[in-house]
Amino acid sequence: MKISFPTRGTILGRAESNAVSAVIESDASLTQGIWRKRFEEQFREHIGVRHAISVTSGTVALETALRLLDLRPGDQVIVTPQTFQATAQPLLDLPADVVFCDVEPDTLNMDPTALAGMISDRTAAVLLVHYGGLPARMHEIVPLAHRHGAVVIEDSAHALGALHRGRRPGALGDIGCFSFHGSKAITTLGEGGMLTFDRDDWAERLDRVRSNDTDYESLPYAGPQTTPPALLPWMRYADDVYRRTCTRVRRAGTNATMSEAAAAVGVVQLGRLPELTRRRREIAERLDDILAEFPDTTRPHRAAPGDVHAHHLYTFFVNDPAAREDVVRLLDHHEVEVQLRYFPLHLVPEWRARGHGPGECPVAERSWFDHQVNLPCHPGITDAELDYLTDTLRTCLRATTR
Ligand SMILES: *Cc1c(COP(=O)(O)O)cnc(C)c1O
């Protein structure tokens, strides 16, 4: 039996097929119908914010969120190094100074103490991840950031379904960014993303930026120096013809609108979220039970009482670095796929070329090079596969650790 990381992080079935069929069989617009609005409305309610704006990917959500800040040279952005490259990628061509803030060894979330040591009034934004679906210490991080006038951007790509002190990731900081990539908790047919926040002025601007920032207000036709063409009989909107055909753009924008079919699937998937999160939790608890037998391992950090972990990743630690190598090799030998997520971002060539390097975030570095192991944990795992996974984990740990 082979236990792999998911090609899909979710379950798709008849209800999703029906949703796509309904969009195809209706004569409604494929880009501006009821579904995108409905998905945004339900997502907004689920997260508990004033605005949810859908886009075409999590990466685009992060990029758009960062552009919203109008960063200037000298502005500093503090980022976690323990994340997928998309979190910090938009910063590669923005004028900000990027600083990586180390993580806590047990959660791999941004460490508020480390953050307190580097934040200043130059800090324009703090960009963090709820690593693996466990909420970061937002009750400490957000007030600290706000004291310095910094915006908190939550990369919540792992955290859909999680809860922190009664509120959802995506509503804890200033802007939440979600991904509906096929590997995530829910998907909008493979690609998709969402921004969540409260500010009305951001909503207005984002809604324009994601659709080419078209300007329908000001008319390019300026009077007698050009002659308007004769209106043809089919031009039903005669009064409006210049508005509708000669639009201008206000500033650089893009087209990042989610399609109706994708949003219709999103609505169905969001309805499944509780069931999907429950299955992830079940798998994580079974794996936790095995690790409890081995004192030389450290189980994933549990959510605080009242909080909810979304279990996007199952990350545990082998205390002895040499044993970690053995565990990984043996699991692989037994066809359990192991990943090490994520390689510390400040050590990739693009960030090294900007002066970052080893020693900057020692906790993240030690974790990746010496201790961490990621096991498959997703709703596509069957009961039989889960039995095989837990038995194999026990066998491999017995052979390599105490
Ligand atoms: C998946 C992911 C992204 C990117 O989302 P896409 O929709 O694939 O562009 C960003 N950050 C994190 C932490 C992710 O896991």
Side-chain angles (χ1 to χ4, degrees), residues 5-10 39 43 52-67 77-92 98 100-101 103 107-110 125-136 138 152-162 169-170 172-173 175-196 210 254-259 262-263 265-266 269-270 276-277 280 309-315 339-346 348 350-351 364 367-368 372 374 376-378:
F5 272 73
T7 44
R8 292 179 184 179
T10 177
F39 184 39
F43 202 85
I53 300 257
S54 62
V55 288
T56 43
S57 73
T59 302
V60 167
L62 286 155
E63 193 180 347
T64 332
L66 281 162
R67 293 204 187 277
V77 178
I78 300 181
V79 190
T80 175
Q82 187 47 231
T83 182
F84 180 57
Q85 62 195 30
T87 308
Q89 196 166 14
L91 291 164
L92 283 169
V98 172
F100 289 95
C101 175
V103 293
T107 67
L108 303 186
N109 275 331
M110 184 178 277
V126 174
L127 174 48
L128 55 78
V129 170
H130 303 291
Y131 174 87
L134 179 76
M138 300 300 278
V152 179
I153 302 177
E154 300 172 75
D155 180 340
S156 302
H158 297 176
L160 186 58
L172 298 165
I175 314 178
C177 297
F178 291 84
S179 163
F180 310 124
H181 182 265
S183 64
K184 301 292 157 67
I186 70 168
T187 192
T188 45
L189 283 181
E191 303 282 359
M194 190 79 83
L195 293 118
T196 56
R210 72 163 165 181
T254 186
N255 180 6
T257 43
M258 182 177 280
S259 79
V265 170
Q269 285 271 290
L270 190 59
L276 293 164
T277 312
R280 285 177 180 273
H309 194 315
H311 300 291
H312 177 70
L313 296 175
Y314 189 88
T315 308
Q339 298 202 351
L340 304 179
R341 290 187 181 176
Y342 295 91
F343 185 76
L345 215 52
H346 61 290
V348 304
E350 289 68 30
W351 289 109
S367 173
W368 193 88
Q372 79 187 62
N374 294 78
C377 177
H378 57 90

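Hydrogens, waters and symmetry mates are skipped; everything else that's a heavy atom, side chains included, is used. Numbering of ligands and ligand atoms starts at 1, following listing order.
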Would you say Thr315 and Gln372 are linked by a side-chain donor-acceptor pair, where the criterion is simply a distance under 3.5 Å?
no
Are side-chain N/O atoms of His181 and Ser179 paired as donor and acceptor at under 3.5 Å?
no
Counterpart residues, side-chain contact (heavy atoms from CB on, under 4.5 Å), relative to Thr80 (two or more places apart):
Gln82, Thr83, Val103, Met110, Val129
Tell me every residue that passes side-chain contact (heavy atoms from CB on, under 4.5 Å) with Ala61, counting only those two or more places apart in sequence or in another chain.
Val55, Cys177, Leu195
List the protein residues in contact with ligand 1, where contact means a heavy-atom separation under 4.0 angstrom.
Ser57, Gly58, Thr59, Leu62, Thr83, Phe84, Ala86, Thr87, Asp155, Ala157, His158, Ser179, His181, Lys184, Gly192, Tyr342
With sequence neighbours left out, what residues match His311 under ring-ring contact (aromatic ring centres under 6.0 Å, His included)?
His309
Less than 6.0 Å separating the ring centroids of Trp351 and Phe100?
yes
